[in-house]
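Below, all heavy atoms of this structure are taken into account, side chains as well, without hydrogens, waters or symmetry copies.
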Amino acid sequence: SSDLRRSMAESRVPELLLQLLQDREDGLESLEVARALGLEHQQVVGAVKSLQALGQIIDAEQLSSKHWELTDEGKEIAAEGSHEARVFQSIPPEGMAQSELMKLASGKVGFSKAMSNKWIRLDKSAANGPRILRAVEDIEDGVKEKLLAVQQGKAETLDEKDKNELKKRKLLSEVTVKTYLIKKGSAFSTTVSKQETDLTPEMISSGSWRDKTFKAYNFDALGVMPESGHLHPLLKVRTQFRQIFLEMGFTEMPTNNFIESSFWNFDALFQPQQHPARDQHDTFFLLDPAEATEFPMDYLERVKKVHSEGGYGSQGYKYDWTIKEARKNILRTHTTAVSARMLYQLAQQECFTPVKYFSIDRVFRNETLDATHLAEFHQIEGVVADYGLTLGDLMGVLKEFFNKLGITKLRFKPAYNPYTEPSMEVFSYHEGLKKWVEVGNSGVFRPEMLLPMGLPEGVSVIAWGLSLERPTMIKYRINNIRELVGHKVNLQMVYDSPICRLDS
């Protein structure tokens, strides 16, 4: 095939170059070699570089020179004549209507140049409108002659004014050419022997390595990048969040159960059984196993009582609480269910000790999908339990927590949660969306949730939760959550996304 013939011809260029160089002690210029071999200059440059890689066979010094070249339009004029000459030739002895002349391909440019050269004249008093007539018998097409001189390598015969005029008309262009002055090297030879790249066991055992030349080892060359996995931006940000919690002295809660009973997910948090969040359009219910069976029964009875009758200074919700509703298994809607279990375990200790807990794991909600919501996402939760904690403590911890994330633009807004009072939503300014977006929810757990567990009366628990996805979107400037998670994610984004460094 033609490609094969071309590659074979190119492989012979280095040897042909060496043969030309054999009798030239003063060296050769690469453009001269290209002309002698009838090749493109770039092919000769390639041969020079391949010979340089073989050691001291040749010495090559790079030169830089400027020369003038005809543009495509310049080449056409060198062959066909200038626009003004073509206009002159097209005018018959009796003249031509200006309107007809302007329809010619060279009409507009040629007319103005021929007028300034005084080759033609315009008769405005003609009967049928302005008429163009020849003003001289013969003309000399200087533009064509100058371009032909450049084409024949005689650009030096033109003065600078002519060159600049032709350049202005976009008929000439000044080109910088990088060439090589090629001379014989200390290890010059007309034959090219391939350098070995590997020292093989066979070469060592036979001793043939002594007669071979080896390619110099390039210690600056980068190795081949190993194929490896890439961490998703969510995992990178999760690592940073986890580090922040650990720096603040928090202990990680075990969150390895996606399935939770409605009791721990809702009832233990003092969320009434008729609450809309417990409907099918907000929560995913399990078919098998549909119900949970094991509960701490004395605690369950206290929860039932506070819901249906009240207690601990509360009047409760005054409804018929049923264990059937509490047994229903669901995909947990928040990791606060894990916090409830951990606080219950804490209450079972003989002596209360202050704690700081955190978790980062997946939760599920039957949400309508949009640019910032999915049916599953990751929730980050922090819980602090101690005597006498207030809303001020919560705001201080949140400020410190978000500052460590590099999020300094914060707003707090009063909110309602069934299991916290007072409650606050946390907003941060999203630089990508150019608006304030909710990044978290927070509050102080209600006594109706804590006291049935058995925690001492003076103990307060402050807590906050936020999604992992929102801060990741803010950090990586992603405007649509479906570009971060799900089947439409561009995997190249996962490969290219930088390490997450939160500006603390």
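By the ring pair (Phe, Tyr, Trp, His ring centres under 6.0 Å) test, W264 is found to be paired with Y299, Y344, residues two or more places apart in sequence or in another chain being considered. With sequence neighbours excluded, the residues satisfying ring pair (Phe, Tyr, Trp, His ring centres under 6.0 Å) with Y387 are F352. Considering only residues two or more places apart in sequence or on other chains, S50 meets the side chain to side chain contact (heavy atoms under 4.5 Å, CB included) condition with P14. Taking R365 as the reference, T333, H334, E367, F377, Q379 meet the side chain to side chain contact (heavy atoms under 4.5 Å, CB included) condition, with sequence neighbours excluded. E325 pairs by the side chain to side chain contact (heavy atoms under 4.5 Å, CB included) definition with Q273, R278, T322, K328, not counting sequence neighbours. Not counting sequence neighbours, the partners of R169 by the side-chain hydrogen bond (donor to acceptor under 3.5 Å, both in side chains) test are E84. Contacts of F358 classified as ring pair (Phe, Tyr, Trp, His ring centres under 6.0 Å), with partners at least two apart in sequence or in another chain: F245. Checked against side chain to side chain contact (heavy atoms under 4.5 Å, CB included), T239 has no partners two or more places apart in sequence or in another chain. In this structure, the ring pair (Phe, Tyr, Trp, His ring centres under 6.0 Å) partners of Y317, at least two apart in sequence or on a different chain, are F270, H307. Residues that satisfy the side-chain hydrogen bond (donor to acceptor under 3.5 Å, both in side chains) test with R238, not counting sequence neighbours, are absent from this structure.
Looking only at distances, no side-chain donor or acceptor of K305 sits under 3.5 Å from a matching main-chain atom of G311. Using modelled atom types, one side-chain atom of E469 and one backbone atom of H378 make a donor-acceptor pair closer than 3.5 Å.
If you check the side chains of E69 and S173, you find no donor sitting under 3.5 Å from an acceptor. In the model, S339 has a side-chain atom that pairs as donor or acceptor with a side-chain atom of E381 under 3.5 Å.
Within the structure, the side-chain hydrogen bond (donor to acceptor under 3.5 Å, both in side chains) test picks out no pair touching residues 458-467 (sequence neighbours left out).
For F364 and F258, the gap between ring centers is short of 6.0 Å.
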Solution key, residues 434-445 side-chain donor-acceptor pairs under 3.5 Å, sequence neighbours excluded:
residue : atom : partner : partner atom : Å
K434    : NZ   : E431    : O            : 3.3
N441    : OD1  : N417    : ND2          : 3.1
S442    : OG   : M424    : O            : 3.1

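Other residues, nucleotides and ligands contribute more than 12 heavy atoms inside 6.0 Å of the CD atom of Q274.
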